[in-house]
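Computed from heavy atoms alone, side chains included, the values below leave out hydrogens, waters and symmetry copies.
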Amino acid sequence: MTTHPAFDLADAIAAQLADPDVPRSWAVPAYGQHLAYGPPGIALLHIERAARGLGPWQRAHDWLAAASRHPLTSGPDSHPFYGAPALAHALACAADSLPGAYQSALDSLDRRIVVDVRRRLDAAHRRIDAGRLPQLAEFDVIRGLTGYGAHLLHRSPDGNTVRAVLDYCVRLTEPLTDQDETLPGWWTETGPSGNPDDRFPGGHANHGMAHGIGGSLALLALAARRGIAVSGHHAAMRTILAWLDRWESGDSSAWPYWITRDELRTRRPTPSTPRRPSWCYGTAGLARARQLATLTLGDTRRRIKAENALVVALTDADQLRDTTDNGLCHGFAGLAHLAARVAEDAHATTVDRIRAAIPALLDKIHPLGAALGSGNPGLLDGAAGVALALIAPSTATSPRSAWDSCLLIA
């Protein structure tokens with residue numbers, strides 16, 4: 001197998017993160033249940049490597065055990081990236097390659113997650129019935145129902161609860177009225193942090209994969225690709241695509257991170273300098289969401305536009321200049337992994353250009369010292385995420401586990 005030199009960096013990081021019991025300054029107890037920062041996310045690295053035959057399963061087992069040493073948080077204080085759902089994602093990824101493993105734990109976690117999702121759904125539908133605007137944490141990938149939908153789609157795609165989440169996502173695309181203005185159903189009255197923000201009077205419509213409607217579009221698309229659809233499913237995808245069409249740049253190669261109330265009223269986004277094209281926010285993540293949706297809808301024109309937008313994002317010096325780290329969430333490794341995923345489904349007219357952009361991204365990954373120097377071993381911004389994101393693009397092979405299903409890019 002021919003590999004890029006970045007593959008050796010993934011090996012080195014995995015070796016550095018082999019043992020959860022080696023004392024480290026970054027071992028913050030509060031992160032123990034966090035998929036983004038703690039043991040569940042690091043376990044994903046060793047699960048993927050073991051599934052490929054690159055490392056022992058014992059390392060994955062050790063990190064999963066480390067994640068479950070203390071009572072797990074569930075209920076209102078948990079979310080897809082924290083507590084019971086975070087551990088459940090990691091366990092499910094391991095169980096895919098080890099039939100029967102972790103079955104008792106997964107069954108218990110499944111029951112807790114379904115109860116929590118149903119509670120959240122009830123609250124969300126009451127909010128919609130009352131005509132109130134949502135909070136980002138109600139629907140986003142990191143904290144909300146879209147993230148729960150990602151787990152359910154992986155874990156129990158034939159279940160009623162995942163269909164209930166999809167029903168909710170469809171309702172989320174129905175317009176709401178606020179102060180005599182018609183707004184998309186995902187408009188929030190806060191800033192992008194989820195808190196009131198004077199810079200966002202009247203709130204905003206968030207486009208990101210992590211915290212905005214991009215994640216919901218990806219969930220709807222991935223479910224439809226598996227043959228799982230609810231009433232209004234395809235119309236909801238078209239509604240989101242039409243909204244994004246409305247706000248794309250003049251050359252159709254980028255989308256703003258969000259739209260403010262003033263921009264909505266003037267029908268044009270405020271001119272801004274290029275922003276980094278990451279998974280969490282920006283063109284790279286949205287290009288994948290749009291590609292997945294247009295594949296499902298048979299919309300070749302929009303599909304090619306989305307893929308061409310990714311090519312621009314991966315090769316434009318101004319956009320890449322704003323990419324300043326190596327991480328999975330918004331760094332070069334994440335871009336390389338996204339590019340590899342998009343290339344798997346790309347149109348014949350774009351696939352070669354997407355693949356051709358990947359080596360330059362891998363070349364930008366800093367040496368091991370920089371990857372670990374921040375003291376962050378985690379998934380989204382740290383070393384484990386860098387190593388995971390390097391494997392598929394540096395080997396030109398698809399992931400063997402479903403580790404990136406939590407990102408809704410596959």
[X] (side chain) donor-acceptor with [Y] (main chain) under 3.5 angstrom:
{"X": "Ser68", "Y": "Ala65", "value": "yes"}
{"X": "Gln33", "Y": "Leu72", "value": "no"}
{"X": "His233", "Y": "Leu220", "value": "yes"}
{"X": "Ser278", "Y": "Gly282", "value": "no"}
{"X": "Arg276", "Y": "Gln319", "value": "no"}
{"X": "Ser108", "Y": "Ala105", "value": "no"}
{"X": "Glu189", "Y": "Leu133", "value": "no"}
{"X": "Gln103", "Y": "Gly100", "value": "no"}
{"X": "His207", "Y": "Pro256", "value": "yes"}
{"X": "Ser394", "Y": "Leu390", "value": "yes"}

Would you give the length of the straight line joining atom [atom1] of [X] to atom [atom2] of [Y], rounded to the nearest 0.5 angstrom?
{"X": "Thr349", "Y": "Arg303", "atom1": "OG1", "atom2": "CZ", "answer": "8.0 Å"}
{"X": "Leu87", "Y": "Ser74", "atom1": "CG", "atom2": "OG", "answer": "12.0 Å"}
{"X": "Asp167", "Y": "Leu121", "atom1": "CG", "atom2": "CG", "answer": "9.0 Å"}
{"X": "Trp279", "Y": "Leu407", "atom1": "CH2", "atom2": "CG", "answer": "5.0 Å"}
{"X": "Leu166", "Y": "Thr161", "atom1": "CG", "atom2": "OG1", "answer": "11.0 Å"}
{"X": "Leu241", "Y": "Arg238", "atom1": "CG", "atom2": "CZ", "answer": "9.0 Å"}

**Request:** Establish, for the pair Arg275 and Tyr257, whether the NZ or CZ atom is under 6.0 angstrom from the six-membered ring centre and no further than 45 degrees off its axis.
**Result:**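 Here Arg275 passes the 6.0 Å and 45° test against Tyr257.
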
**Item:** Six-ring centre of Trp403, Arg341 cation under 6.0 angstrom, axis tolerance 45°
**Value:**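 No cation-pi geometry.
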
Find out whether [X] and [Y] are in side-chain contact, i.e. whether some heavy atom of one side chain is under 4.5 Å from a heavy atom of the other.
{"X": "Ile354", "Y": "Glu344", "result": "no"}
{"X": "Ile365", "Y": "His4", "result": "no"}
{"X": "His46", "Y": "Leu64", "result": "no"}
{"X": "His204", "Y": "Pro192", "result": "yes"}
{"X": "Leu217", "Y": "Trp243", "result": "no"}
{"X": "Val141", "Y": "Met209", "result": "no"}
{"X": "Arg118", "Y": "Asn160", "result": "yes"}
{"X": "Phe332", "Y": "Leu320", "result": "yes"}

Under a 3.5 Å cutoff, is there a donor and acceptor pairing between the side chains of [X] and [Y]?
{"X": "Arg52", "Y": "Thr397", "answer": "yes"}
{"X": "Thr146", "Y": "Ser216", "answer": "yes"}
{"X": "His154", "Y": "Asp96", "answer": "yes"}

Looking only at non-hydrogen atoms, find the nearest pair between [X] and [Y] and report the distance.
{"X": "Val162", "Y": "Leu153", "value": "CG2-N, 3.9 Å"}
{"X": "Pro20", "Y": "Ala18", "value": "CD-O, 3.9 Å"}
{"X": "Pro134", "Y": "Leu172", "value": "CG-CD1, 4.5 Å"}
{"X": "Tyr148", "Y": "Arg143", "value": "CE1-O, 4.4 Å"}
{"X": "Ala287", "Y": "Trp255", "value": "N-CZ3, 4.3 Å"}
{"X": "Arg120", "Y": "Pro76", "value": "NH2-O, 4.1 Å"}

**Request:** Please assess Arg353 against Thr315 for the test side-chain hydrogen bond (donor to acceptor under 3.5 Å, both in side chains), listing each intermediate value before the final yes or no.
**Result:** CA-CA 10 Å; Arg353 286 182 295 143; Thr315 57; over 6 Å; no

**His211: which of Thr188, Asp140, Asn206 passes side chain to side chain donor-acceptor pair (under 3.5 Å)** =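 So the option named by the test is Asp140.
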
**Request:** Mind running salt bridge (charged side-chain N to carboxylate O under 4.0 Å, His left out) on Asp129 and Arg171 for me, showing each step along the way?
**Result:** CA-CA 10 Å; Asp129 291 341; Arg171 285 199 81 187; 2.9 Å; yes

**Request:** For Leu44 and Leu35, run side-chain contact (heavy atoms from CB on, under 4.5 Å): C-alpha distance rounded to whole Å, both residues' side-chain angles, the deciding distance at 0.1 Å, then the answer.
**Result:** CA-CA 9 Å; Leu44 293 179; Leu35 187 64; 4.0 Å; yes

**Request:** Can you label the angle between the Tyr82 ring and the His79 ring as parallel, tilted or perpendicular, going by 30° and 60°?
**Result:**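 Taking His79 first and then Tyr82, their aromatic rings sit tilted (interplane angle of 30° to 60°).
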
Is any NZ, NE, NH1 or NH2 atom of the basic residue among [X] and [Y] found under 4.0 Å from an Asp or Glu carboxylate oxygen of the other?
{"X": "Asp318", "Y": "Arg321", "value": "yes"}
{"X": "Asp116", "Y": "Arg119", "value": "yes"}
{"X": "Asp245", "Y": "Arg290", "value": "yes"}

**Arg225 vs Asp345, side-chain contact (heavy atoms from CB on, under 4.5 Å): CA-CA, chis, key distance, verdict** = CA-CA 12 Å; Arg225 291 190 83 188; Asp345 299 306; 3.5 Å; yes

**Request:** List the steps, then state whether side-chain contact (heavy atoms from CB on, under 4.5 Å) holds for Leu297 with Arg302.
**Result:** CA-CA 10 Å; Leu297 296 170; Arg302 273 195 179 117; 5.7 Å; no

**Request:** Show the numbers, then the answer: is there a side-chain contact (heavy atoms from CB on, under 4.5 Å) between Met237 and Leu292?
**Result:** CA-CA 10 Å; Met237 287 192 288; Leu292 291 167; over 6 Å; no

